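The next block holds one structure in the form of structure tokens; read it before the comments.
Just so it is clear: chains get the letters A, B, ... in the order the sequence lines come, proteins before strands, and each one is counted from 1. In this text the structure is predicted, and so the values were computed from the model without any measurement.
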Number of protein chains: 2
Amino acid sequence: MSDTRPKKSKLGLREIASVAHVSIATVSRVLNGSNRVDPAIQKSVLAAAADLEIDFLQRKKTKALAFLLCNRAMQHAFHSRILLGAEAYCASRNWELLFQSLDYPAHVPSKELLLPKVLQRHDLVRGVVLAGTNSTNLLELLGEKGVPFVVLGNNVMGEFTDAKCDVVFSDDVQGGHDMTRYLISLGHRCIGFVGNIGLPWFARCFAGYQRAMEEAGLAPRHSTVNSENEAEIGYLGTKSLLARGEPVTAIFAGNDPTAHGVYKALRDSGLNIPDDVSVVGCDDTVGSYLYPTLTTIREFPEQLGKQMVELLVNRIADPGQKPQPVTVPTELIKRDSCRRFQPSEEIAAAGALQGAMI
Amino acid sequence: MSDTRPKKSKLGLREIASVAHVSIATVSRVLNGSNRVDPAIQKSVLAAAADLEIDFLQRKKTKALAFLLCNRAMQHAFHSRILLGAEAYCASRNWELLFQSLDYPAHVPSKELLLPKVLQRHDLVRGVVLAGTNSTNLLELLGEKGVPFVVLGNNVMGEFTDAKCDVVFSDDVQGGHDMTRYLISLGHRCIGFVGNIGLPWFARCFAGYQRAMEEAGLAPRHSTVNSENEAEIGYLGTKSLLARGEPVTAIFAGNDPTAHGVYKALRDSGLNIPDDVSVVGCDDTVGSYLYPTLTTIREFPEQLGKQMVELLVNRIADPGQKPQPVTVPTELIKRDSCRRFQPSEEIAAAGALQGAMI
DNA sequence: TGCTGCACGTGAAATTTTTCTGTATTGTAG
DNA sequence: CTACAATACAGAAAAATTTCACGTGCAGCA
């Protein structure tokens with residue numbers, strides 16, 4: 001290779017040990033076991049190592065990252081596409097990727113969580129990609145343990161200040177904003193949002209929707225259903241919007257599977273898409289399978305996965321750098337589920353909805 | 001633990017080495033590096049080890065399996081669900097799971113394939129789960145290298161005799177048979193199959209269809225499109241069936257995404273589902289999103305994943321046992337895309353199809 | 001306050017892994 | 001058929017890891 005340094009004397013644990021005034025065994029522990037070593041000693045060993053060799057990481061045999069899919073069955077193919085993106089980037093950079101799913105409670109102090117055994121293997125797993133749905137307690141725990149990690153920001157529960165760790169977002173807030181503006185530009189004024197705002201990915205989409213509505217001087221109206229089942233959220237949310245007599249001409253579903261539930265509810269109520277009601281979704285997972293095909297917000301999960309690994313690898317290389325947030329844009333995909341709405345139709349539309357309520 | 005043996009003297013590499021009359025280093029290599037050791041010596045070391053200790057595998061630190069997703073973007077969520085099933089079973093048995101995707105050419109002799117580096121790490125990866133689409137050259141290579149593996153039988157290209165390795169099948173042949181019989185029981189006589197028979201998963205489904213048709217004394221008629229894009233296969237295959245003037249009253253799509261293409265083609269031709277033509281699919285990935293909802297064959301990918309890992313773990317524990325094939329059954333899911341067909345309608349149906357051809 | 005037990009953290013020693021080196025074997029060209 | 005080269009492979013030695021046993025400090029308890 002292109003190693004220009006003359007390798008003065010054999011560089012090994014022995015040398016580090018003598019510089020740091022500890023035993024070889026301790027150096028070995030610091031360098032990979034990492035467990036059961038006094039932080040002060042660990043620090044001095046690391047310093048000694050840094051003195052002697054720049055790239056101790058290179059020296060190691062296996063470089064693996066863990067991909068933790070948390071609290072979520074791999075629905076919608078969305079997360080599996082994130083995994084693929086992550087894997088592709090890993091492969092290109094000669095990292096292995098361990099896949100593991102993990103369920104943990106959201107409302108338990110970080111002390112009481114126990115990490116999967118893989119992550120204990122500091123000599124194998126050098127960092128963690130957190131996909132799925134996470135809550136701040138796990139982030140804290142990883143922070144305390146000093147395990148480098150990146151998290152998919154869209155799906156973090158609870159108050160989440162992104163300043164404290166590397167995080168990748170899919171810009172669904174902007175996507176929701178764009179989409180709402182699009183519906184407004186088509187002439188819609190009464191646009192209902194259906195989702196479960198208790199879940200962060202719905203909340204973010206809703207935030208974009210809400211902002212766009214307020215900017216346009218329109219009243220946001222939403223129907224939130226406290227469920228984890230997305231088709232159910234869409235179905236019940238729509239039924240409830242209709243039952244309240246909201247004169248909606250368009251419904252914004254918080255994601256594509258939810259839109260599927262919306263479709264079903266509208267059909268059950270005898271309403272036609274898009275003639276009676278326009279529908280839009282978000283995430284572009286199953287929108288193209290629906291009928292009529294769904295106007296939605298395309299996200300780029302492979303890109304999210306790639307970005308996450310990229311941030312993580314950078315952090316491992318330079319643990320000191322300050323946390324970095326990355327946002328991946330979204331794209332508005334226009335399909336057949338929307339139509340232009342003439343304000344003059346409003347009375348007629350209201351009539352149709354009245355009919356549907358019977 | 002429940003170790004009843006008295007552990008006569010410290011059991012270690014030293015003891016094995018002396019029994020096998022080789023150096024400790026060689027024993028170490030056999031036990032994990034495995035590379036660069038004469039097969040004869042390897043065998044004798046293994047024998048010596050077996051003499052001394054039953055469970056040398058237990059001794060090892062990391063037990064990881066590799067999940068190789070081959071030659072396939074993770075479409076349809078089908079393979080990601082296999083992964084989830086595999087991971088769940090791994091976790092329950094304290095195995096780690098490395099995920100890696102891999103593309104390789106099908107028509108290259110096994111000598112010329114190069115395995116991903118992870119698999120070289122015999123000390124880490126103890127076996128391989130082959131998902132995605134595989135061809136026999138990779139199977140041969142793994143066999144030669146002595147790497148334990150299981151393969152998803154449905155997606156193996158080329159002549160594949162399952163006698164030579166552990167293999168798990170989803171019983172889509174039976175599923176295709178059941179489905180065809182179901183269509184026949186609804187009164188359909190002229191049933192077209194749409195797919196790409198060059199691809200093994202279509203071929204298997206088609207085999208079931210063909211057998212059922214022949215058993216019923218009906219003529220199989222299929223339209224195969226040489227493409228990898230499933231929606232395209234469905235669309236073009238259907239268009240071509242119609243263009244040939246086949247008086248089909250039902251179409252069997254080789255999988256759900258293909259059925260989506262079939263839907264589109266029928267709609268473009270002005271035909272109603274199921275009034276003019278009944279449609280069925282296979283795999284139950286997106287069938288529930290289609291409109292009308294698709295009658296299809298449910299498969300159980302999580303179960304497939306679990307079974308694969310189970311076979312693999314058994315083989316690792318006992319490499320001598322003879323190859324074992326496992327078949328996971330399928331389930332017929334009846335939805336809205338089929339209707340009963342009265343033979344008397346045949347002339348009318350033919351008329352509708354004629355109209356569609358214009 | 002002093003004792004006891006326990007958990008942590010360390011170095012020495014034992015064990016294992018990896019590198020290095022010498023030898024044998026196989027293939028290839030003359 | 002010989003000479004040379006390239007490669008494979010085992011063992012010795014070096015390096016790294018893990019185990020073991022011991023000291024230290026702290027909490028619980030008398």
Using five base pairs at each end, measure the axis-to-axis angle across the helix from C/dT1-D/dA30 to C/dG30-D/dC1 and round it to 10 degrees. 10°
Reported CZ-to-CG distance for the pair A/Arg81 and A/Leu304, which is rounded to 0.5 angstrom: 9.5 Å
Protein-nucleotide distance (A/Ile24, atom CD1; D/dA14, atom P), rounded to Å: 13 Å
By nearest atom, which of the nucleotides C/dT10, D/dA10, C/dA13 is closest to the A/Ala25 side chain? C/dA13
Would you compute the distance between atom CZ of A/Arg29 and atom CD1 of A/Ile24 and round it to the nearest 0.5 angstrom? 11.5 Å
Tabulated below should be each protein N or O lying under 3.5 Å from an N or O of nucleotides 23-25 of chain D; please produce it.
none

Nearest whole angstrom, please: distance from the P of C/dT15 to the CD of B/Glu15. 8 Å
Check every atom of D/dG11, D/dA16, C/dT18 against the side chain of A/Leu13 and return the nucleotide holding the closest atom. D/dA16
Taking B/Asn155 for its side chain and B/Leu152 for its backbone only, find out whether a donor-acceptor pair lies under 3.5 Å. no
Is there a donor-acceptor contact under 3.5 Å linking the side chains of A/Tyr104 and A/Asn137? no
Any N or O donor-acceptor pair under 3.5 Å from the base of D/dT19 to the side chain of A/Arg29? yes
Walking DNA chain D from its 5' end, the first of B/His21 and A/Val27 to be reached, judged by nearest nucleotide, is B/His21
Would you give the length of the straight line joining atom CZ of A/Phe67 to atom CE of A/Met308, rounded to the nearest 0.5 angstrom? 5.5 Å
Any side-chain N or O of A/Ser23 under 4.0 Å from OP1/OP2 of C/dA12? no
One should read off an interatomic distance between A/Leu69 CG and A/Leu130 CG, to the nearest 0.5 angstrom, of 10.0 Å
When rounded to whole Å, the CD1 to P distance for the pair A/Ile16 and D/dT17 reads 10 Å
Please state how far atom CD1 in B/Ile41 lies from atom C1' in D/dG11, giving the value in whole angstrom units. 11 Å
Looking only at side-chain atoms of A/Arg14, point me to the closest of D/dT17, D/dA15, C/dT15. D/dA15
With no hydrogens and no angle check, is any side-chain donor or acceptor of B/Asn154 less than 3.5 Å from a backbone partner on B/Ser170? yes
Could you state the interatomic distance from CD (A/Gln100) to CD (B/Glu87), rounded to the nearest 0.5 Å? 5.5 Å
With a 4.5 Å heavy-atom cut-off, do A/Gln307 and A/Val328 have their side chains touching? yes
